[in-house]
2 protein chains.
Amino acid sequence: MTTAQRPLRADARRNLERILASARTLFAERGVHAQMEDIAARAGVGVGTLYRRFPTKESLMTALVRERFQEFTVIAAEVESTCDPADALATVMRRHAEVVEDDAAFQLAMMDLASLHWEGIEQDKAALGAIVRRIIERGQEVGAVRPDLRFEDYGALMCSTTATMHFIEDKSGWRRQQEVLLAGLRPD
Amino acid sequence: MTTAQRPLRADARRNLERILASARTLFAERGVHAQMEDIAARAGVGVGTLYRRFPTKESLMTALVRERFQEFTVIAAEVESTCDPADALATVMRRHAEVVEDDAAFQLAMMDLASLHWEGIEQDKAALGAIVRRIIERGQEVGAVRPDLRFEDYGALMCSTTATMHFIEDKSGWRRQQEVLLAGLRPD
DNA sequence: ACCTGAACACCGTTCAAGT
DNA sequence: ACCTGAACACCGTTCAAGT
């Protein structure tokens, strides 16, 4: 979908990047109500061009989510190779949340996306999943993570924090929610 | 807003109830995309009548949330007077989540509502808050709840579970999320 | 007081014409 | 190949006319 199948013509490529940047800004600024027309205008292109890349508003949001997912993977890899296995899980979770905090567009997209439209993301999800799975298993071996945690739960846990971030005014709200989660992830 | 200021004329009252029921059904069925026109039609009234009671789609959703909030209060009161203080908190949280599980309309509304439009709900929130606060404090006195939990966090915690419910396909996903939270709420 | 539904406004999406 | 923007469709909201 957004995948760079064949290399794009230089101008097209530049337009694509501008569209993504514009979308991120406007979603962050105005929430779901950011208009396609405005996103195109701010990127300096016609609406048609926007629709050429993203057949629907939802697919545009999906693209934004995807970009972040890739960053998540980088972060997870870094944590895995750097951190004491005993607190690696807590560290990834905190760092992933941190990244997302400033990205209202991502929060929004996460909230608004029907799970059906995620096809494009599957591969990215798999890449991230593989690392997270190892982090969790290592944590369990070391006795720092409750043994019944399945790595499939990672998404649900992060989703719950992202949502809190988005809906609870008080900035400290989601941090406290996450700390409760982290406490609940330790064995016993 | 929805408050029954002056008693409504009998037919108006019946229409109001039908609108609420219709809205709950259609939101549950079609999500945010349920149309005002259809909601009115299913209730057997014209759109104008719908807009007479609820000046905006959002205010209609707010009304639905409000109804549930009142039910939350009833549940909380029941739990407080019935339950061992040692597991009262866990019990309310589980029961509140249970109620909301079948109510996609509520989940949706929670997700979609800007926090600004909650004015109508303040009183209901206060009523619920008073009880929850006591439940938490009692739990802390008995040593069953971590001492640094503030009752203001209750909303964030429930919000995180509701969101998980709505976004994670696997039904067991939110239960597992909630169990992690509950584990994290115990002292130590 | 309350109801109705045609008309209006807004915004997502399409497509014919252009380079 | 890719771009443009006027036109279209859909749906939230209003309001003049009716009981």
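Each chain gets a letter, A, B and so on, in the order its sequence line appears, and its residues count up from 1.
Of the possible polar contacts, none joining the A/Glu80 side chain to the A/Ile131 backbone as a donor-acceptor pair under 3.5 Å is found.
Within the 4.0 Å cut-off from OP1 or OP2 of D/dT4, at least one side-chain nitrogen or oxygen of A/Thr49 is found. Distances shorter than 4.0 Å separate none of the side-chain N or O atoms of A/Thr56 from OP1 or OP2 on C/dG12. The shortest distance between the side-chain N/O atoms of B/Asn15 and the OP1/OP2 oxygens of C/dC3 is below 4.0 Å.
Taking for each of A/Lys57 and B/Val47 the nucleotide of DNA chain C with the nearest heavy atom, the 5'-most of the two is the partner of B/Val47. Take the nearest nucleotide of DNA chain C for B/Arg9 and for B/Glu37: the residue whose nucleotide is more 5' is B/Arg9.
For A/Arg53, taking side-chain heavy atoms from C-beta onward, the closest of the listed nucleotides D/dC2, D/dG12, C/dA1 is D/dC2. Side-chain proximity of A/Tyr51 to C/dA1, C/dC11, C/dT14: nearest is C/dT14. For B/Met36, whose side chain is taken as the heavy atoms from C-beta onward, the closest listed nucleotide among C/dC2, D/dG12, D/dC2 is D/dG12. Residue A/Ala12 has its side chain nearest to D/dC3 when only C/dT4, D/dT14, D/dC3 are considered.
Listed by first and then second residue, the salt bridge (Lys or Arg N to Asp or Glu O under 4.0 Å) pairs involving residues 179-188 of chain A are A/Arg94-A/Glu179 (not counting sequence neighbours).
Residues forming a side-chain hydrogen bond (donor to acceptor under 3.5 Å, both in side chains) with A/Asp103 (at least two apart in sequence, or on another chain): A/Arg24, A/Arg68.
Rounded to whole angstrom, the span from the CG atom of A/Leu60 across to the P atom of C/dC11 amounts to 17 Å.
Secondary-structure annotation of DNA chain C gives the stems C:4-8 with D:12-16, C:12-16 with D:4-8, with a stem taken as at least 3 successive Watson-Crick or G-U pairs whose two distances both fall under 3.5 Å.
A/Ser160 and B/Gln177 are linked by a side-chain donor-acceptor pair at a separation below 3.5 angstrom, with hydrogens and angles left out of the test.
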Apply side chain to side chain contact (heavy atoms under 4.5 Å, CB included) to A/Met36 and A/Leu60, showing your working.
CA-CA 10 Å; A/Met36 294 298 267; A/Leu60 175 55; 4.2 Å; yes
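The aromatic rings of B/Phe69 and B/Phe106 are tilted relative to each other, their planes meeting at an angle between 30° and 60°.
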